2 protein chains.
Amino acid sequence: MSTARGARARARIEVTAAIKDEARRRLAAEGAAKLSLRAVARELGMVSSALYRYFPSRDDLLTALIIDAYDSLGETAESAHAEVADAGPRERWIAVCVAARRWALEHPHEYALIYGSPVPGYTAPETTIPAASRVGLLLIGIVRDAHQGQGVARPPLPTDLKVEAQRMTAELAPDLPPEVVAALVAAWAQLYGLIGFELFGQFNRVVEDRETFFRHAADQLAHGVGLIFPRPTRPNAAHGANGRGTDSGRANGA
Amino acid sequence: MSTARGARARARIEVTAAIKDEARRRLAAEGAAKLSLRAVARELGMVSSALYRYFPSRDDLLTALIIDAYDSLGETAESAHAEVADAGPRERWIAVCVAARRWALEHPHEYALIYGSPVPGYTAPETTIPAASRVGLLLIGIVRDAHQGQGVARPPLPTDLKVEAQRMTAELAPDLPPEVVAALVAAWAQLYGLIGFELFGQFNRVVEDRETFFRHAADQLAHGVGLIFPRPTRPNAAHGANGRGTDSGRANGA
DNA sequence: TCAGAAAAGAGAGCGCCGCTCTTGCTTTGG
DNA sequence: CCAAAGCAAGAGCGGCGCTCTCTTTTCTGA
């Protein structure tokens with residue numbers, strides 16, 4: 001498997017990894033548009049044509065980087081989630097959102113690669129799907145847990161969305177109510193709108209304290225998916241004792 | 001001014017326009033990454049070096065296209081808004097959102113240019129700011145009208161966001177309450193998250209009936225900014241105050 | 001009016017790019 | 001042990017952004 005039979009096979013794995021590492025370094029430093037096979041090869045002391053033995057084209061190398069980026073983001077989100085696994089849905093939801101934002105700010109070019117405009121004429125191959133789903137699955141899981149604890153509520157859907165919402169539900173989370181799934185998918189997209197706007201400069205003369213703004217917006221997203229936030233067990237937590245001052249009006253539903 | 005003094009000046013205007021037109025054509029056909037000055041020049045029957053008399057670099061040409069794209073989007077949104085100018089805030093809000101989405105679907109590469117990842121190492125010059133603000137101003141205007149009719153309400157802000165929200169309010173819409181402005185900015189970003197996810201394929205095996213889904217999501221965004229949708233012409237709508245099945249918890253506030 | 005300034009086009013060229021093809025060398029497996 | 005397969009290297013093709021030089025055309029002001 002991984003320790004394949006010959007020295008040749010091992011070398012191939014090592015060289016492939018070295019290429020990806022160097023490419024990732026250059027991607028982080030200069031962005032996808034300036035990522036050139038020739039520069040990677042140069043840095044690795046090999047001739048550019050040799051590199052084609054490992055990645056048949058620049059797009060294939062980019063695809064590998066895309067998958068890695070999805071995985072890196074997914075791992076970051078998952079470990080952030082694990083750290084608050086025992087907390088309530090609200091904390092967990094926000095932890096995942098905040099982790100995604102932080103990852104994006106730390107890896108802007110990788111983020112742009114996966115959630116910005118797709119490169120040239122390029123359409124992502126199906127290989128990327130599992131890696132791309134990790135954050136989404138995390139969010140679904142949080143809502144699912146909340147739902148099993150009766151902590152999710154959403155108003156009924158308009159009739160024209162019912163069919164589609166049921167379809168999405170069957171596909172994504174058959175155990176959740178369609179109203180919740182529809183709201184979840186929207187929140188998922190909106191989360192990346194918030195991150196993207198900050199990252200790509202649309203907030204430039206608009207939002208200054210972006211961390212605070214984002215936490216609040218993520219909190220509102222949680223409301224949007226119908227997560228209910230009961231006053232945190234302590235009846236007398238009016239001032240400051242509250243997780244982080246990010247409360248807002250009550251969300252209640254049917 | 002526009003008809004400047006000589007034939008030379010007139011020619012310059014015409015050639016500049018021809019270059020932009022051809023560039024826009026190629027941008028729409030192949031995307032920003034494949035837009036090359038040489039190809040544009042070739043198509044126009046001029047030699048590539050001559051083109052540099054009009055645009056000192058590829059990035060400058062792209063900047064011109066960016067401004068045009070913002071203007072095109074802004075115009076589309078504004079005319080869509082004008083068509084429902086007499087309707088309620090909800091219809092107007094949705095009309096603007098739907099128009100933005102439609103424009104994006106019709107001009108994917110232009111959309112990617114302005115709201116996707118910024119090209120190469122490129123940061124948008126300040127020239128683009130006015131053009132970029134048009135849709136945002138439209139949304140602010142809708143909410144402002146609703147507010148003057150007492151049709152906007154939001155729960156109070158968490159304390160840690162108050163300062164920033166007041167700053168944003170002073171900058172963007174001093175006549176609106178800070179809670180509304182904060183929600184508006186978030187909704188603005190979220191709108192483009194929804195559009196971008198559809199456009200860039202993130203909805204691919206997730207959402208099928210995207211038009212319906214989007215309308216619903218845009219409706220929810222309107223709720224998010226605190227737009228209240230009174231039951232049409234019914235005066236006493238204290239309790240079940242929802243237009244269709246699309247209400248979410250009560251929004252109430254100052 | 002007419003010479004000099006300014007603007008514009010044309011061409012050659014530099015260094016980069018993705019990618020291909022051919023040529024030899026090394027490892028591998030029957 | 002030897003043929004097949006894997007691999008590095010080099011040369012080369014066409015395309016790119018951009019610069020520089022040279023010539024022609026147009027504009028301007030004394």
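For clarity, every value in this text was computed on a predicted model and none was experimentally measured. Proteins come first, then strands; the chains are lettered A, B, ... in the order of their sequence lines, and each starts at number 1.
- A donor-acceptor pair is defined here as one N or O able to donate and one able to accept, closer than 3.5 Å; such a pair exists between the side chain of A/S36 and the backbone of A/A39.
- Across C/dG18, C/dA8, D/dG17, the shortest atom-to-atom separation from the side chain of A/S36 is found for C/dG18.
- Taking 4.0 angstrom as the limit, B/R53 places none of its side-chain polar atoms (N or O) nearer than this to OP1 or OP2 of C/dA8.
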Please list each protein N or O that sits under 3.5 Å from an N or O in nucleotides 1-6 of chain C, with the distance.
none

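- Taken from CG in A/L199 to CG in A/L194, the straight-line distance is 12.5 Å, to the nearest 0.5 Å.
- Between B/E198 and the choices B/R102, B/R210, B/R101, the salt bridge (charged side-chain N to carboxylate O under 4.0 Å, His left out) rule is met once, by B/R101.
- Atom CZ of B/R215 sits in a sparse spot, with 12 or fewer heavy atoms from other residues, nucleotides or ligands closer than 6.0 Å.
- One interatomic measurement links the two molecules: CZ of A/R38 to C1' of C/dT20, which rounds to 11 Å at whole-angstrom precision.
- The OH atom of A/Y54 sits 18 Å away from the P atom of C/dC19 (whole-angstrom rounding).
- A/R58 has its CZ atom 17 Å from the P atom of C/dC16, to the nearest Å.
- One interatomic measurement links the two molecules: CZ of B/R12 to P of D/dT26, which rounds to 15 Å at whole-angstrom precision.
- Remark: C1' of D/dT25 and CZ of B/R10 are 16 Å apart, rounded to the nearest angstrom.
- As a whole-Å value, the separation of A/R26 CZ from C/dC16 C1' is 12 Å.
- Contact check of residues 44-51 of chain A against DNA chain D (heavy atom, cut-off under 4.0 Å) returns A/M46, A/V47, A/S49, A/A50.
- In terms of position on DNA chain D, the residue among B/L35 and A/V15 whose nearest nucleotide sits closer to the 5' end is A/V15.
- Atom CZ in A/R42 sits roughly 15 Å away from atom P in D/dG10 (whole-Å rounding).
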**Report entry** Intermediate values then yes/no, side chain to side chain contact (heavy atoms under 4.5 Å, CB included), B/L105 and B/Y111
**Finding:** CA-CA 8 Å; B/L105 293 178; B/Y111 184 89; over 6 Å; no
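- Each of A/F203, A/Y115, A/F197 was scored for a ring pair (Phe, Tyr, Trp, His ring centres under 6.0 Å) with B/Y192, with one residue passing: A/F197.
- Across all strands, A/L61 comes closer than 4.0 Å to no nucleic acid atom at all (heavy-atom distances).
- You'll find the side chain of B/V185 reaches within 4.5 Å of the side chain of B/L172, heavy atoms only.
- Donor-acceptor pairing under 3.5 Å is recorded for the side chains of B/S57 and B/D60.
- Separating the CD1 atom of A/I13 from the P atom of D/dG6 is a distance of 15 Å, rounded to the nearest angstrom.
- Listed for the B/R26 side chain is no donor-acceptor partner under 3.5 Å among the backbone atoms of B/D21.
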